[in-house]
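All remarks here apply to the structure that follows.
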Amino acid sequence: MTPQIALDFSPLSMLVGNSPAMRQVHRLVTRMGKSRFPVLILGETGTGKEVVARAIHAMEGRGQFVVVDCSSLVGPLMESELFGYAKGAFTGAHVQKLGLLDAANGGTAFFDEIGELPLEMQMKLLRVLQEKEFRAVGGLSQRSSNFRVIAATNRDLAEEVEEKRFRQDLYYRLNVMRLRIAPLRERKEDIPALILHFLQRYGNGHRLPDEVMDSLIEYDWPGNVRELEHTVQQMVAMNSGPWISKADLPSTVVNRSFERKLTGGNGGSGAPGASAAASFDGNSGIKPLTEVERCAILHAIEYTKGDRTLAAAMLGIGRTTLYRKLKEYGL
Ligand SMILES: Nc1ncnc2c1ncn2[C@@H]1O[C@H](COP(=O)(O)OP(=O)(O)OP(=O)(O)O)[C@@H](O)[C@H]1O
Ligand SMILES: [Mg+2]
């Protein structure tokens, strides 16, 4: 009997995360992968719209996955990009060239950042979607291409329609099945699994202590999964391992958890140096910046029990700058 191999090659394995929101995405991807209807994917920047689109495409596994970057489809070249051009269509067109829609024949055309498509191009795209036929620039005959449409945007497309920046008829065409990916801050349960996934990909046996993991979970991730991925890459690059330390955290993450501690937000309980924090929160109103800075430095030094490298990282400044400021303030 051949042994069972436990490796998971299903398209869903591309989508790490087991939060209720992510499980719903898995269910929708599975369902959408079984049909050829258009799909509209909505989500903030970096939430994984393209990975989801690729997973839907991979479910069927037919043809190519062709990315049409709508934000770059501007100017005179946009039509030739999309539809290709005939030989002699313009100066320099020595041979005919197929367009992105030809390449997507039998597969999927992924219209990324569809909200950025200029109005004039929206009309042309609508016609192609209706007729599944188009004409290359300078070409005489109609060509057909049978592709599945997946579009993605971080804009509120319904509002774009209201504001007359996006054609309603095209919106209806694209919005047949819809999938919304929640921002990472609304599915923090996914953060540890994503971190492990990226550590496996970029790390070299690197490991995270709980306190670093806690700071990463606490952070709001405005750039979502992409920002988390870059953060792991950065931390791995800064530390030869195996244990990543708090000092490897980027200043954005550190400043955020530091702020929270000062304002008594999540994770702030029991933080040392509460007296320094109080002076930030009091009703006394505005303070001179130098005093705020002096307080922040004192607090960081106290909080890190005198570890200046860590204090500098938490303050988001270099070690030399910290030394200079310590001297300046006579600390
Ligand atoms: N659930 C996930 N599992 C694993 N990797 C993910 C997941 N979500 C996102 N990623 C990774 O995060 C990065 C950003 O994802 P992607 O490019 O799909 O985001 P996006 O929503 O298209 O972003 P943008 O709006 O900026 O184009 C990619 O490297 C992707 O592989
Ligand atoms: Mg994208």
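Counting starts at 1 for both ligands and their atoms, following the listed order. Keep in mind that the numbers below use all heavy atoms, side chains included, and drop hydrogens, waters and symmetry copies. What you are looking at is a predicted structure, and each value in this text was computed from that prediction instead of being measured.
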> For ligand 1, what is the set of protein residues having any non-hydrogen atom at a distance below 4.0 Å?
Replying inline: Met14, Leu15, Val16, Met22, Glu44, Thr45, Gly46, Thr47, Gly48, Lys49, Glu50, Val51, Glu113, Leu194, His197, Phe198, Val225, Arg226, Glu229
> Hey, what else clusters with Met123 if you join Ile, Leu, Val, Met, Phe, Trp, Tyr whenever side-chain heavy atoms sit under 4.5 Å?
Replying inline: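 Its cluster partners, ordered by chain and number, are none at all.
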>> Under the ring-ring contact (aromatic ring centres under 6.0 Å, His included) test against His57, which residue among Phe65, Phe110, Phe147 passes?
In response: Phe65
> If you take all heavy atoms of Ile181 and Thr47, which pair is closest and at what distance?
Replying inline: CG2-O, 3.6 Å
>> Given 3.5 Å as the limit, does a donor-acceptor pair link the side chain of Gln122 with the main chain of Leu117, or not?
In response: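 Yes.
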>> Return the CD1 to CD1 distance between Ile41 and Ile114, rounded to the nearest 0.5 Å.
In response: 12.0 Å
>> I want to check a possible cation-pi pair here: Lys97 against Phe83, using under 6.0 Å from ring centre and within 45° of the ring axis as the test.
In response: no
